[in-house]
There are 2 protein chains.
Amino acid sequence: MNTEKIITIYDIAERLKLAPSTISRGLQDNPAVNPKTRKKIFDTANEMGYRFNTFARNLRNQKTNTIGVIVPRLNSLFISAILAGIEKELNSANYNMLISQSLELEENEIKYAKTMLHNRVDGLIVNLAANTSSLDHFAEYIRHRIPLLFVDRVIENDDFNTVVINNTKAGYEVTSHLIAQGCTKIAHLTGSLMRNVYQDRKAGYQSALAEHGIPYDESLVFETDLTEESSIRAAREIIKMKTRPDALFVANDLSAVICMKVFKDAGLTIPGDIAIAGFNNDVISRISEPMLTTVNYPGEEMGKIAARHLVTQIKGEADAALANTVILKSQLVVRASTLKNKTDDQ
Amino acid sequence: MNTEKIITIYDIAERLKLAPSTISRGLQDNPAVNPKTRKKIFDTANEMGYRFNTFARNLRNQKTNTIGVIVPRLNSLFISAILAGIEKELNSANYNMLISQSLELEENEIKYAKTMLHNRVDGLIVNLAANTSSLDHFAEYIRHRIPLLFVDRVIENDDFNTVVINNTKAGYEVTSHLIAQGCTKIAHLTGSLMRNVYQDRKAGYQSALAEHGIPYDESLVFETDLTEESSIRAAREIIKMKTRPDALFVANDLSAVICMKVFKDAGLTIPGDIAIAGFNNDVISRISEPMLTTVNYPGEEMGKIAARHLVTQIKGEADAALANTVILKSQLVVRASTLKNKTDDQ
DNA sequence: TAATAAAATGCAATCCGTTGCATTATTAAA
DNA sequence: TTTAATAATGCAACGGATTGCATTTTATTA
C-alpha cells in the first residue's frame with residue numbers, strides 16, 4: 001500500500017482497463033454503468049486508497065457546496081447558538097461551512113469577505129462587526145450574484161436578505177415592563193450603537209419612556225463594548241450616581257448578570273433597590289439569583305432559518321432579486337429580577 | 001459591467017493582448033513582470049471584476065490552505081474558546097477553517113472526517129464526540145500523511161499528536177482540596193467516561209480519595225451527558241440521599257452552577273451543607289453565588305497551540321513521524337463555594 | 001442468423017491558474 | 001554597431017473530475 005502517491009480516477013481506470021469517464025460515472029452511481037463494473041470500481045478505489053478531489057470537481061462544476069460565515073466572535077453563547085443552527089441546517093443540505101471571526105473589526109470583515117469570495121463560497125452569511133460602517137466589501141457578492149444574508153446584526157437596506165428579531169419591539173417591551181413595575185429612572189447599558197441590535201433596543205427603550213411621559217436622560221445610557229470589564233465599570237458608575245436609577249436594562253444577559261453581581265456585592269438588593277433586565281435568555285439568566293428577566297432570543301433558530309433561506313436561494317428556488325427580511329418572534333421572559341410587587345406581572 | 005460572465009485570467013489576457021501566464025504572474029506580484037504591466041493587469045482585473053479561482057489554484061498546487069475542525073458541539077463556551085484560539089492562529093498563518101459539529105455522535109464524526117478528507121484539508125483538528133469508540137475513521141489521514149491533531153478530548157495512543165491538560169492531576173487537586181476542607185463524602189458528577197477528560201478527572205478524584213483513606217463509593221459517581229436537564233436530575237438525586245454528600249465535584253462549571261442552584265432552592269447552604277467545585281473557569285464560575293471553585297482550563301490557548309502545532313507540521317518543519325503530546329498547565333482556582341473554614345485555603 | 005434496440009463504455013474537450021522552459025525585447029558593455 | 005547579458009513575455013503541459021456525443025458490446029426480436 002503506497003502512502004505517497006495520490007490516486008486518481010486515471011489510476012483506477014488503468015488498473016481496471018476502463019476509461020476514466022466510466023470510473024467517474026461509476027463512483028457517482030450513474031445508472032449507465034453496469035452494476036458489476038460499478039462494484040469493481042468501488043472495490044478498487046477502496047483498495048487503492050482513492051479519495052476524490054473536490055477541487056477538480058468544483059472547478060468543473062463551478063460549485064463548491066460551501067457556505068462562508070463571518071461572525072464577530074466565536075466565544076459567545078449567542079453566536080455559538082447561531083452557528084450551531086447554521087451548521088445543522090447546512091449539514092442536512094450537504095453544504096460545508098467555512099468560518100471566520102472578525103473580532104469585531106471591520107478590517108477583518110473586509111479581508112474575510114474577500115477570502116471567501118476567492119474560495120468561491122456558494123453563499124455568505126454575515127453577522128456584522130461592531131464597527132462596520134459600510135457594506136462596500138460585499139458589493140462583489142451582489143455583482144457576482146452570490147447569495148448574501150445578514151443575521152441578527154444587519155444594516156437597514158432593502159437590497160439584502162436578513163434574518164432578525166424585532167429589537168425595537170423587544171426593547172420597548174422590556175422597558176414597558178419595568179415601568180409597569182413602578183420604575184421611573186431606568187438606566188440602559190448597551191453595545192455599539194452603530195449596530196441595529198443595540199440601536200433598536202435603545203429606540204424601543206426610548207419610545208416606551210416617551211409613551212409613559214418619562215423624559216429621556218442621555219446620562220442614563222451607557223454605550224460600551226459589553227465586555228466583562230466594561231460591564232463592571234458601568235455598574236460601579238451607576239452605584240455612584242447621586243440619585244441612583246431604580247432599574248437597569250442591559251443589552252445582553254452576561255453583562256446583566258455581571259452588573260447584578262456588582263450591585264449585590266455593593267449591598268443593593270435586586271429588584272428592591274434596582275431591577276435588572278437582560279437580553280438573550282442565555283442559560284445564565286436562569287442561574288442568576290434572582291433569576292433574570294430577559295428576552296428570549298432564538299439564536300439557533302435564526303441560524304437555521306438563515307441557512308435554509310440561503311440554500312433555497314442558491315438552488316435558485318427563490319428569486320434572488322427579491323430581498324427578504326425574516327423577522328423572528330422574541331418573547332419577554334419575566335423573572336424575579338424585575339418583579340417589584342409580589343403580584344405576578346404576567 | 002457584466003454581472004453574469006465569470007472573468008478569468010484568459011479574459012484579462014485577451015483584453016491586454018498578453019499571455020495568460022503573464023497575467024498569472026502579474027497577479028502574484030512575480031518580479032519577472034514589468035511594474036507597468038503589473039499595474040495594468042491589476043487595474044484591468046479590478047475593472048472587469050476578476051476574482052481568482054482558488055480551486056484551479058489548489059488543483060494545480062495540491063494545497064488548500066484549509067484546516068478542518070471537528071468538534072462535538074458549537075454552542076459551548078469551552079469549545080468556542082478553543083475555536084477562537086484556533087481561528088486566531090490559523091488566520092495569522094493564512095489558513096482557512098472548515099468547521100463541523102458531530103453533535104457528540106461518532107457517526108457524524110466519521111462522515112465529517114470523510115468530507116474533510118475529500119475537501120483536501122491540509123490538516124485536521126479534532127475534539128472527539130462523547131461516544132466515539134474507535135479511531136478508524138482517521139486511518140485515511142495517517143495513510144495520506146495528513147497532519148492530524150486531537151485537542152482536549154483524545155484517545156491514549158502514541159501515534160497521534162495531542163494537546164491536552166493533565167486532567168488526572170486537576171481532578172486530584174480538586175478532590176484533595178475538598179478533603180482538606182474537611183469533606184469526607186464527596187460526590188462526583190461527570191460526563192461520558194469513554195472520554196479521557198472525564199475518565200482522567202475521575203481517576204484523579206479516586207486517587208485523592210485513596211490517598212486519604214476514603215473508600216471509593218460507586219454510588220456517589222454520576223455519569224451523565226452533562227446537559228442542563230441531567231444536571232438538575234443528578235442534583236435532585238443527591239438531595240434525596242439518606243446521608244447526603246458534603247461535597248460535589250462536577251466536571252464542568254455550567255453543570256456545577258446548575259446543581260448549586262438546585263441545592264440552594266432546596267434550602268441547602270453552599271458550602272456549609274455541601275461544597276461544590278466545577279471545572280473550566282468559565283465566566284459563569286465568577287458570577288455564581290457563592291463564586292465557584294474550579295480549574296482554570298486554557299481553552300483558547302489550547303486552540304492556539306493546536307493550530308500552531310498543526311501548521312508547523314504541515315509546513316514540514318516538524319517531523320511528522322514524531323507524535324507529540326503538549327500538556328498545558330491548569331490551575332485550581334479556589335473560591336467561596338468550597339471554603340468551609342473562614343481561614344483562607346490558599 | 002441478421003437486424004434492431006438498448007446498455008455499457010470510450011473519446012475528448014472543459015473548468016482555470018501555474019510554472020519550466022523557450023523566445024523575444026530591452027539595456028549595457030565592448 | 002555588434003555582442004552579451006538581462007528583463008519581459010509567451011508557449012504548452014499539467015492538475016483531476018465531468019459530460020455530451022460517438023462507438024462498441026450485449027440483449028432482443030424478427
Side-chain angles (χ1 to χ4, degrees), chain A residues 2 4-42 44-45 48-66 114-115 117-122 144, chain B residues 4-42 44-45 48-66 114-115 117-122 144 146:
Chain A
N2 189 328
E4 294 307 319
K5 170 121 177 61
I6 290 177
I7 305 300
T8 72
I9 53 172
Y10 297 92
D11 299 314
I12 302 178
E14 195 176 8
R15 171 90 76 96
L16 293 177
K17 305 265 175 269
L18 284 172
S21 46
T22 303
I23 308 300
S24 174
R25 291 194 184 94
L27 292 171
Q28 290 176 83
D29 276 336
N30 187 318
V33 24
N34 188 311
K36 281 177 201 156
T37 311
R38 190 183 315 164
K39 168 108 173 54
K40 255 193 301 185
I41 292 175
F42 272 109
T44 311
M48 297 178 79
Y50 169 77
R51 54 183 174 133
F52 75 72
N53 189 320
T54 310
F55 299 120
R57 163 179 286 181
N58 289 341
L59 177 58
R60 175 65 220 222
N61 292 352
Q62 303 283 11
K63 276 204 78 221
T64 66
N65 262 56
T66 299
K114 185 165 292 181
T115 304
L117 191 76
H118 292 168
N119 272 299
R120 290 289 201 276
V121 292
D122 290 338
H144 292 293
Chain B
E4 293 308 319
K5 171 120 177 60
I6 289 178
I7 306 299
T8 71
I9 54 171
Y10 295 90
D11 300 311
I12 301 177
E14 194 176 8
R15 172 88 78 94
L16 292 177
K17 305 267 175 268
L18 284 171
S21 44
T22 304
I23 308 300
S24 173
R25 292 196 184 94
L27 292 172
Q28 291 176 81
D29 277 337
N30 186 317
V33 27
N34 189 311
K36 281 178 200 156
T37 312
R38 189 185 314 164
K39 170 107 172 56
K40 256 194 299 187
I41 292 174
F42 272 109
T44 311
M48 297 178 81
Y50 169 77
R51 54 182 174 134
F52 75 72
N53 188 320
T54 310
F55 300 120
R57 162 178 289 181
N58 288 342
L59 176 58
R60 178 64 221 224
N61 291 351
Q62 303 281 12
K63 274 205 80 220
T64 66
N65 263 56
T66 299
K114 187 167 289 178
T115 305
L117 190 76
H118 291 166
N119 273 299
R120 291 288 201 279
V121 292
D122 290 337
H144 292 292
I146 298 169

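So that the names make sense, note that chain A is the first sequence line, chain B the second, and so on, each numbered from 1.
Straight-line distance from the CG atom of B:L27 to the P atom of D:dT9: 13 Å, rounded to whole Å. Atom CG of A:N119 is separated from atom P of C:dC16 by 16 Å (rounded to the nearest Å). B:I9 places its CD1 atom 16 Å from the P atom of C:dT14, with the value rounded to the nearest Å. In this entry the distance linking CD1 of B:I12 with P of D:dG10 reads 14 Å, nearest Å. Atoms CZ (B:R120) and C1' (D:dA17) sit 11 Å apart, rounded to a whole Å. Summarising the geometry, the separation between CZ on A:F55 and P on C:dT18 is reported as 14 Å, rounded to the nearest angstrom. One atom, CG of A:N65, and another, P of D:dT18, lie 12 Å apart when rounded to the nearest Å. Between A:L59 atom CG and C:dG17 atom P there is a gap of 9 Å when expressed in whole angstrom units.
Side chains of A:N58 and A:T64: a donor-acceptor N/O pair is absent below 3.5 angstrom, by distance only.
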Donor-acceptor pairs under 3.5 angstrom involving side-chain atoms of residues 12-26 of chain B: please list them, not counting sequence neighbours.
residue: B:S24; atom: OG; partner: B:Q28; partner atom: NE2; Å: 3.1

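Within 4.0 Å of A:K36, counting heavy atoms only, lies no atom of the nucleic acid at all. A:R60 comes within 4.0 angstrom of a nucleotide base, judged by non-hydrogen atoms across all strands. Using a 4.0 Å heavy-atom cutoff across all strands shown, B:Y10 reaches at least one base atom of the nucleic acid. Among the atoms of the strands shown, only primed sugar atoms or phosphate atoms (P, OP1, OP2) are found under 4.0 Å from some heavy atom of B:K17.
The side chain of A:T37 lies closest to C:dT9 when the candidates are D:dT9, C:dT9, D:dA17. Each of D:dA17, C:dC16, D:dT9 was ranked by its minimum atom distance to the side chain of B:T8; first place goes to C:dC16. Each of D:dT9, C:dG10, C:dT19 was ranked by its minimum atom distance to the side chain of B:L18; first place goes to D:dT9. Here D:dT19 is the nucleotide among D:dT19, D:dC11, C:dT19 with the atom lying nearest to any side-chain atom of A:Q28.
Of the side-chain N and O atoms in B:S21, none sit less than 4.0 angstrom from OP1 or OP2 of D:dT9. Distances shown here put a side-chain N or O of A:Y50 below 4.0 Å from the OP1 or OP2 atom of D:dA17. OP1 and OP2 of C:dT18 both lie 4.0 Å or more from every side-chain N or O belonging to B:N61.
Remark on DNA chain D: of its neighbouring residues B:A56 and B:R25, the 5'-side contact belongs to B:R25, judged by nearest-heavy-atom nucleotide. If B:V33 and B:Q62 are placed on DNA chain D by their nearest nucleotide, the residue sitting closer to the 5' end is B:V33.
A cation-pi arrangement is found for B:R57 relative to B:F52, the charged atom lying closer than 6.0 Å to the ring centre and inside a 45° cone about the ring normal.
Interatomic distance, CG of B:N119 versus OG1 of B:T66, reported as 8.0 Å (0.5 Å rounding). Here the straight-line distance linking atom OG1 of A:T44 with atom NZ of A:K39 works out to 9.0 Å at 0.5 Å rounding.
Judged by distance alone, with hydrogens and angles left aside, the side-chain atoms of A:N30 form a donor-acceptor pair with the main-chain N or O of A:A32 at under 3.5 Å.
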